[in-house]
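Single-structure report; data block below.
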Amino acid sequence: MDPYRGRFAPSPTGPLHFGSLVAAVGSYLEAKSRGGAWLLRMEDLDPPREQPGAAERILRTLEACGMGWDGDVMYQSQRSEAYRTALARLEAQGLVYVCGCSRREIADSGLSPDGAHIYPGTCRTGLAPGKTPRATRIRVGDTVIEFEDAVQGKIRQDLAAEAGDFVLLRADGLYAYQLAVVIDDAEQGITDVVRGADLLDSTPRQIYLQRLLGLRTPRYLHLPATVNAAGEKLSKQTRAAPVDERDPVPALAQVMEFLGQAPPAQLRRAPLAEFWRWALAHWDAQRIPRRRSLPAT
Ligand code: GLU
């Protein structure tokens, strides 16, 4: 088997908070406990959602947490050429089409599990007269994708019913996450994806693209997503507190608790090096709660 290559792929929409720290620590410990590499990718492909300085700040916080990455950081903002090439290959297979529907025109269609509207296929056979081209979509046909997630178990998704023909190139000219993540996981030689289960429902779309592009499908491990007491995803909007760079150990120990690793109470006050010694020696993915989300206490 190929040597393990994991990754952490934050979006620089704000500072690292508890939810993103869970994905960072989980992917880091899986990689390091197997003697693997841990790569970093800055998913800065959506400038309107980004916060100036957030990318540098995330890197600084990871360093303050004692998590060093292997090799150079990949920046999605520099990868447009690769995305363009991949899109052209799918185009050549007759698998993509231009859609002229506005957000409002899709607003009545059903919702996918991740809250996006399932595209009803209006422009699949060509743009209606008078419509201007907006997004570029991929046909999903009657594809059903199945895979085994290391924590969440067997996942099965009927793409037409649960995702619909999805966007690869957005109306604003930006490449979609689903395409970029697939191209970049392949470029970085990622064998194992460890990330939050808020992305579990995206994974079948990514596997579909991997198959169409002849790319290898990595193994997947989706960690429980962090939610607040009201059950909402922790994010900037729900004011998740940034990780304290001067004293990251309490948050790191809390991540271990969240991931079912039962750290001793005194670990919260341990020096950073001692925290990592304990974490690497005791990390056991089998103990991760088999849940899609859990409240962060
Ligand atoms: N950039 C995505 C996020 O921060 C993660 C993408 C991934 O891990 O595949 O939610």
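Counting starts at 1 for both ligands and their atoms, following the listed order. What you see below is based on every heavy atom in this structure, not just the backbone, and it leaves out hydrogens, waters and symmetry mates.
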Any sub-3.5 Å donor-acceptor pair from D149's side-chain atoms to H222's backbone N or O?
yes
Would you mind listing which atoms of ligand 1 come within a distance below 4.0 Å of any non-hydrogen atom of V181?
9 (O)
Per-atom contacts, ligand 1 versus R195 - under 4.0 Å to a heavy atom:
7 (C), 8 (O), 9 (O)
For Y177, state whether at least one heavy atom is located under 4.0 Å from any atom of ligand 1.
yes
Please write down residue, atom name and distance for the protein heavy atom closest to atom 8 (O) of ligand 1.
R7 NH1, 2.6 Å
May I ask you to identify the nearest protein heavy atom to atom 6 (C) of ligand 1, giving residue, atom name and distance to one decimal place in Å?
E43 OE1, 3.1 Å
If you measure only the distance, is there a donor-acceptor pair under 3.5 Å linking the side chains of W283 and E30?
yes
So, are E105 and K131 salt-bridged, with charged N and O less than 4.0 Å apart?
yes
side-chain hydrogen bond (donor to acceptor under 3.5 Å, both in side chains) with Y177: of R170, R205, Q206, Q76, only one passes, and it is Q206
With nothing but distance in play, are any N or O atoms of S11 less than 3.5 Å from an N or O of ligand 1?
yes
Donor-acceptor side-chain pairing of T61 and E245 below 3.5 angstrom:
yes
For atom 5 (C) of ligand 1, the protein heavy atom that lies nearest, with its residue and separation:
A9 O, 3.3 Å
Could you check whether the rings of Y119 and Y97 sit parallel, tilted or perpendicular, using 30° and 60° as the cut-offs?
tilted
How far is atom 10 (O) of ligand 1 from its nearest protein heavy atom, and which residue and atom name does that atom have?
L199 CD1, 4.2 Å
